[in-house]
Amino acid sequence: MADDKKLTTRAADFSAWYNEVVLRSELADYSPVRGCMVIRPNGYGIWERMQRQLDDMFKATGHQNAYFPLLIPESFLQKEAEHVEGFAPEAAVVTHGGGKKLDEPLIIRPTSETIIYSMFAKWVQSYRDLPLLINQWANVVRWEMRTRLFLRTTEFLWQEGHTAHVTHDEAEEEARKMLGVYRDFMEGYIAMPVVTGQKTEAEKFAGALRTYSCEAMMQDNKALQAGTSHNLGQNFAKAFELKFQSESGSTEFAWNTSWGVSTRMVGGLVMTHGDDNGLRVPPLLAPIELVIVPIYKTDEERAAVLEAAQRIVRSLTEWAGRGTERIRVHIDSREGIKPGAKYYEWELRGIPLRLELGPRDLASNQGVLVRRDTRVKRPISLGTIGEDVSDTLSVMQRDMLAAALDRREANSVRERISYDHFRQLMDGQGGFVYAGWCGDPACESQIKEDTKATIRCLPDEEFRSADAPTSCLKCGRGATSEALWAKAY
RNA sequence: CGGGACGUAGCGCAGCCCGGUAGCGCACCUGAAUGGGGUUCAGGGGGUCGCGGGUUCAAAUCCCGCCGUCCCGACCA
């Protein structure tokens with residue numbers, strides 16, 4: 001496994017620290033193909049748990065899974081003007097098949113609006129066929145200039161929801177509802193607090209009427225767009241003739257939404273919770289919640305400790321205090337590796353809890369439980385280990401969210417500051433700045449040019465300042481809205 | 001695509017300036033001891049020196065070309 005004993009510290013260089021944690025905790029590796037990563041079992045285990053939870057949430061809100069083709073005819077992409085402009089530059093194109101040049105090139109999907117709405121058009125005739133609520137788990141390809149493990153890879157795994165509705169308001173409600181589902185998941189499972197809000201015209205999805213997003217703050221104070229939800233209006237319905245007959249007999253175009261989250265969330269997890277000892281995985285997403293490290297000298301002790309460890313595993317997996325969701329536990333019984341080396345290894349991989357178990361413990365029917373987030377050690381009785389472990393995991397899940405929230409608020413600026421002060425801030429420590437905006441795209445792009453900061457979103461009411469800003473951060477004219485400014489990934 | 005750095009064992013690097021038997025640390029394999037926070041000793045395996053060409057008696061080293069990676073910009077879930 002890892003060769004160097006210590007991790008580069010975050011303070012020195014966040015990027016180097018991030019890459020090192022991802023590689024050394026065995027979440028992912030570089031692949032032979034430019035910009036594509038290999039997701040290793042440790043990373044895929046976390047993604048799998050994210051998938052399972054989100055999938056349950058999508059089903060609970062009435063959605064069904066389906067699957068659409070990887071290859072999309074080039075002409076499909078061109079049917080929606082803004083969409084092709086946004087995605088053509090980063091398209092990967094298949095030009096040959098069966099040894100012959102294709103009449104029409106095929107695009108490897110960068111997103112599936114076009115192919116999906118072309119099918120929706122066949123499936124929908126009447127208002128009675130609506131709403132149509134579909135989700136797809138898939139891989140997509142976007143040929144980005146620069147890539148970064150999990151955050152921006154050429155190929156990535158994601159989920160894209162696509163729906164069709166009778167009215168604008170119903171589509172709007174759907175887009176909003178799914179944004180809320182994302183927020184619940186990110187805060188409840190990744191323990192990563194987010195600010196929700198609407199994207200500006202400059203930042204919205206190519207082809208959307210309106211885009212909403214979840215914005216999280218990483219430990220270097222930069223923003224990560226962790227999920228988006230779009231009200232597509234009738235743009236794609238018109239491009240693909242997705243029409244239906246209304247109750248009154250008229251022919252109408254449907255209203256669509258699309259929404260997605262990706263393997264980028266794994267990167268967000270690392271940059272939200274990692275520390276100088278490696279990764280920290282929130283318990284609800286950890287493939288293994290508790291690792292037992294046996295300690296022994298003699299063969300007899302080894303036999304006794306391993307036997308006790310197996311008893312604990314049985315009692316934990318049979319413990320029904322969490323209903324059908326059993327505690328995920330692993331015994332590290334590898335020989336020839338000292339316990340201390342195992343501690344470091346499991347800490348690097350971010351496993352939430354460790355149980356140290358040796359002859360001294362067995363004598364008193366206890367073990368030493370160590371939390372990954374705080375690294376605090378505590379003796380626990382083996383008699384009530386199910387309750388104890390389960391409770392500790394719940395506390396950790398809450399504590400990790402609270403810590404991330406505290407950090408975000410400590411690095412957010414809500415006082416009205418001058419543009420000079422803002423530039424200084426963005427040049428130095430960064431962070432989230434809430435400030436007025438006149439609504440003029442010229443101010444928006446000038447600020448981006450000056451500072452590299454962008455409007456992450458126009459925050460939803462819950463996140464807005466108590467005293468609404470009255471003037472624009474840049475030009476001083478009257479503010480039409482409050483904007484969240486930050487440098488972003 | 002512009003600016004910078006780099007490519008030598010699985011990983012991290014030295015060697016290159018000044019050409020002459022390819023090295024070090026970690027990891028890996030074998031054996032013994034060790035074992036409550038990164039064990040120790042002994043032995044061992046593993047390399048087309050990114051690729052192609054040139055100069056030379058001789059190239060990891062000098063010259064030319066190409067490819068790739070990373071960092072900084074423009075693009076982005």
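Letters A, B, ... are given to chains in the order of the sequence lines, protein chains preceding strands, and every chain is numbered from 1.
Where A/Ser15 and A/Arg334 each meet RNA chain B at their nearest nucleotide, the meeting point lying more 5' is that of A/Arg334. Along RNA chain B, the nucleotide closest to A/Arg264 and the one closest to A/Val370 are compared, and the more 5′ of them pairs with A/Val370.
If you check distances only, the side chain of A/Lys342 never reaches the base of B/G36 with a donor-acceptor pair under 3.5 Å. A donor-acceptor contact under 3.5 angstrom links the side-chain atoms of A/Glu347 to the base of B/G37. Judged by distance alone with a 3.5 Å cut-off, no donor-acceptor contact links the side chain of A/Arg302 to the base of B/G35.
Across all strands shown, A/Arg148 has no heavy atoms under 4.0 Å from either base or sugar-phosphate atoms. At a threshold of 4.0 angstrom between heavy atoms, the contacts of A/Asp361 include nucleobase atoms, whether or not backbone atoms are also involved. Using a 4.0 Å heavy-atom cutoff across all strands shown, A/Gly227 reaches no nucleic acid atom at all. Within 4.0 Å (heavy atoms only), A/Leu224 reaches no atom of the nucleic acid at all. Base engagement by A/Val368 is indicated by at least one non-hydrogen atom pair under 4.0 Å involving a base atom. Residue contacts shown for A/Gln225 are limited to sugar-phosphate atoms, with no base heavy atom under 4.0 Å away. Looking at heavy-atom distances under 4.0 Å, A/Gly358 makes contact with a base. Using a 4.0 Å heavy-atom cutoff across all strands shown, A/Pro89 reaches no nucleic acid atom at all. A/Lys448 comes within 4.0 angstrom of sugar-phosphate atoms only, judged by non-hydrogen atoms across all strands, and of no base.
B/C49 and B/C24 have their C1' atoms separated by 15 Å, with the value rounded to a whole Å. When the C1' atom is compared between B/C41 and B/A9, the two are found 24 Å apart, to the nearest whole Å. Atom C1' of B/G23 sits at a distance of 26 Å from the matching atom of B/C57, rounded to the whole Å. Nucleotides B/U56 and B/A42 have their P atoms positioned 48 Å apart, rounded to a whole Å. Comparing B/A77 with B/C64, their P atoms are spaced 42 Å from each other, to the whole Å.
Using a 30° and 60° split on the angle between ring planes, A/Phe205 and A/Phe236 fall in the tilted class, from 30° to 60°. Using a 30° and 60° split on the angle between ring planes, A/Tyr434 and A/Phe432 fall in the perpendicular class, above 60°.
Residue A/Glu85 places its CD atom among 12 or fewer non-hydrogen atoms of other residues, nucleotides or ligands, all under 6.0 Å distant. Heavy atoms from other residues, nucleotides or ligands lying under 6.0 Å from CD of A/Glu173 number 12 at most.
One atom, NZ of A/Lys204, and another, P of B/C76, lie 14 Å apart when rounded to the nearest Å.
Pairing of B/G12, defined by two Watson-Crick or G-U wobble distances under 3.5 Å, is identified with B/C24. When both distances must be under 3.5 Å, the Watson-Crick or G-U wobble mate of B/U56 does not exist.
Electrostatic pairing of A/Arg109 and A/Glu160 does not count as a salt bridge here, judged by no charged N lying under 4.0 Å from a carboxylate O. Salt bridge annotation for A/Arg152-A/Glu144: absent, with no cationic side-chain nitrogen under 4.0 angstrom from a carboxylate oxygen.
The phosphate of B/G37 (OP1 or OP2) has no side-chain N or O of A/Asn277 nearer than 4.0 angstrom.
A/Lys474 places no side-chain N or O within donor-acceptor distance of the main-chain N or O of A/Glu444, the cut-off being under 3.5 Å.
Contacts between residues 292-299 of chain A and RNA chain B, counted as heavy-atom distances below 4.0 Å, involve A/Ile295, A/Tyr296, A/Lys297.
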Less than 3.5 Å apart, which donor and acceptor atoms pair up between the side chains of residues 279-288 of chain A and the rest of the protein, not counting sequence neighbours?
{"residue": "A/Arg280", "atom": "NE", "partner": "A/His273", "partner atom": "O", "Å": "2.6"}
{"residue": "A/Arg280", "atom": "NH1", "partner": "A/Asp373", "partner atom": "O", "Å": "3.1"}
{"residue": "A/Arg280", "atom": "NH2", "partner": "A/His273", "partner atom": "O", "Å": "3.4"}

